[in-house]
2 protein chains.
Amino acid sequence: MVYRRSPLMEERLANNRDRILLATRKLVAEGGFREAQIAAVAALAGMSTGMIYRYFPSKAELFVEVLGDAVGAEIELLSEIAGGPGSATERLSHALTCFVRRALRGPNLAYAFVFEPVDPEVDTARIRYRKKFGDVFKAILVDGIERGEFPDQDAGASAACIVGAFTEALVGPIGPTTRNIHDKERLVESIRSFCLRAVGGAFTQ
Amino acid sequence: MVYRRSPLMEERLANNRDRILLATRKLVAEGGFREAQIAAVAALAGMSTGMIYRYFPSKAELFVEVLGDAVGAEIELLSEIAGGPGSATERLSHALTCFVRRALRGPNLAYAFVFEPVDPEVDTARIRYRKKFGDVFKAILVDGIERGEFPDQDAGASAACIVGAFTEALVGPIGPTTRNIHDKERLVESIRSFCLRAVGGAFTQ
DNA sequence: TCAATTTTTGAATTTGTGTTCACTTTTTTA
DNA sequence: TAAAAAAGTGAACACAAATTCAAAAATTGA
């Protein structure tokens, strides 16, 4: 045996993997999964197509990882808010504005991640992640109902409605016309107040 | 010239066209656009693939027509409710329950029509139709705000939220488990009450 | 029935992409 | 430096699905 992977090489390999993930994320953010073809990913990452397959067994698994990374980060943020201090109303309000503001920075990414189906394998993962978003909101709702902040309701259905409401309101106005900061904040506020009224919480702040 | 299309032939041609549309709609309802391949459509309609292209210039245009027909019917129903008698709250309530009940009968169709992207051409049409749904609800909201039934709000954003809320709540729980009629009615009621609270209307009926 | 014309067929072609693999280059250690 | 092994390449291949088109079947009017 005359070859053993050196630490330097090890690092380069990890680097390559990251570059693939980064390139994919970038392409998806710009034009959805549709635009993230293996050839395009390879080109953007500055490597050959064959290279991709040293790191990922298939395009679907690459997509699932990119999706998971992005969604995971969002979920983590939201969970922190959901499990944090404050009334259920406050936490719901905070979680909503936080997510919507972030999504407005990269509308296509949000679209691709939350909506765009690709192939069955990725679709399955996407639905799982969507459900996770719902679970975060459901937890807040259940808590709020227990505390008497919100009227009794099907927390699961309401959570799904919330996820649907803000994604649709976000994705609908997608377009080349990047709206200015005022419009964005107005949209954030519209979505927030809609959802807060919807769950029946006292309309504060 | 010894051949002129007879009335009988004329009818057969129109019949063929209808059979293609029907077969496509059926396949889409069962498995989404993904399952509605030209070969499958042709097989179900009992004709050859080449035949399809005598009636439709491309698969995309066939899809757009199927989509338009189905959505058009729904829009017409909703518009009638929206423009009918009653308070804005009543009409919104009625429109919601009507649409959600209908969609629950064919969840896959609803999914394909409202969500599933296919190719850019169909996608464009789909977004247009989605917007139309929103417009119906927006009209009710604008009216309700004018009458003082609903608090002041961005009717466009709220309408988008409503469309998002019920589609997500509908599509989210899609699965092979056909839910029974009780669950369905409970879901209808959950969505209805969520949206009514959301627009701030007095919670009646 | 027959010739002109249209309708219908479905195998072949085209197209767009994901994936592979024989080959080249680079890295490692002796 | 040289041999062994791995990393890296990208043209070729595979595959699925839309589309075409030459030939076959059906229809029409004389």
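Side chains are part of it too, since the values below use all heavy atoms of this structure and drop only hydrogens, waters and symmetry mates.
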J.: Looking only at side-chain atoms of A:S6, point me to the closest of D:dG10, C:dT28, C:dA11.
T.: C:dT28
J.: Any idea which of D:dT20, C:dT19, D:dT28 is nearest the B:M9 side chain?
T.: D:dT28
J.: Using OP1 and OP2 only, check whether a side-chain N or O of B:N16 sits under 4.0 Å from C:dT7.
T.: no
J.: Regarding B:R12 and B:N15, is there a side-chain donor-to-acceptor distance under 3.5 Å anywhere?
T.: no
J.: Quick one: does any side-chain atom of B:E61 pair with a main-chain N or O of B:S58 as donor and acceptor, under 3.5 Å?
T.: no
J.: Among C:dG18, D:dT19, D:dG8, which nucleotide sits nearest the side chain of A:K59?
T.: C:dG18
J.: Between P on D:dA12 and OH on A:Y53, what's the gap in Å once rounded to a whole number?
T.: 18 Å
J.: When the distance from CZ of B:R54 to C1' of D:dA26 is rounded to whole Å, what number comes out?
T.: 12 Å
J.: Among D:dT9, D:dA18, C:dT7, which is the nearest nucleotide to the side chain of A:M51?
T.: D:dT9
J.: OP1, OP2 of D:dG8 versus side-chain N and O of A:Y55: anything below 4.0 Å?
T.: yes
J.: Answer yes when A:D183 and A:R186 have at least one side-chain N-carboxylate O distance shorter than 4.0 Å, and no when they do not.
T.: yes
J.: Compute the centroid of each ring, for B:F133 and then for B:F166, and state whether the two points are separated by less than 6.0 Å.
T.: no
J.: When the distance from CZ of A:F33 to P of C:dG18 is rounded to whole Å, what number comes out?
T.: 13 Å
J.: Which nucleotide sits closest to the side chain of B:M47: C:dT9, D:dA11, D:dT19?
T.: C:dT9
J.: Output the rounded distance in Å from CD1 (B:I38) to C1' (D:dC21).
T.: 16 Å
J.: Can you check the A:I20 CD1 to D:dA7 P distance for me, whole Å?
T.: 13 Å
J.: On DNA chain D, does the nearest nucleotide to B:F63 precede the nearest nucleotide to B:P7 from the 5' side, or the other way round? Give the residue.
T.: B:F63
J.: Is the shortest side-chain N to carboxylate O distance from B:D123 to B:R126 below 4.0 Å?
T.: yes
J.: If each of A:L13 and B:R5 is mapped to the nucleotide of DNA chain D with the nearest heavy atom, which maps nearer the 5' terminus, i.e. the 5' end?
T.: A:L13
J.: C:dT7 P sits how many Å from B:R17 CZ, rounded?
T.: 15 Å
J.: Rounded to whole angstrom units, what separation is found between the CZ atom of B:R34 and the P atom of D:dA18?
T.: 13 Å
J.: Of the nucleotides D:dA6, D:dA18, D:dT27, which one has an atom closest to the side chain of B:Q37?
T.: D:dA18
J.: Of the options C:dT28, D:dA26, D:dA18, whose atoms approach the side-chain atoms of B:R12 most closely?
T.: D:dA26
J.: Side chain of A:S48 only, please: which of D:dT9, C:dT8, D:dA17 is the nearest?
T.: D:dT9
J.: To the nearest angstrom, how far is A:E35 atom CD from C:dG16 atom P?
T.: 14 Å
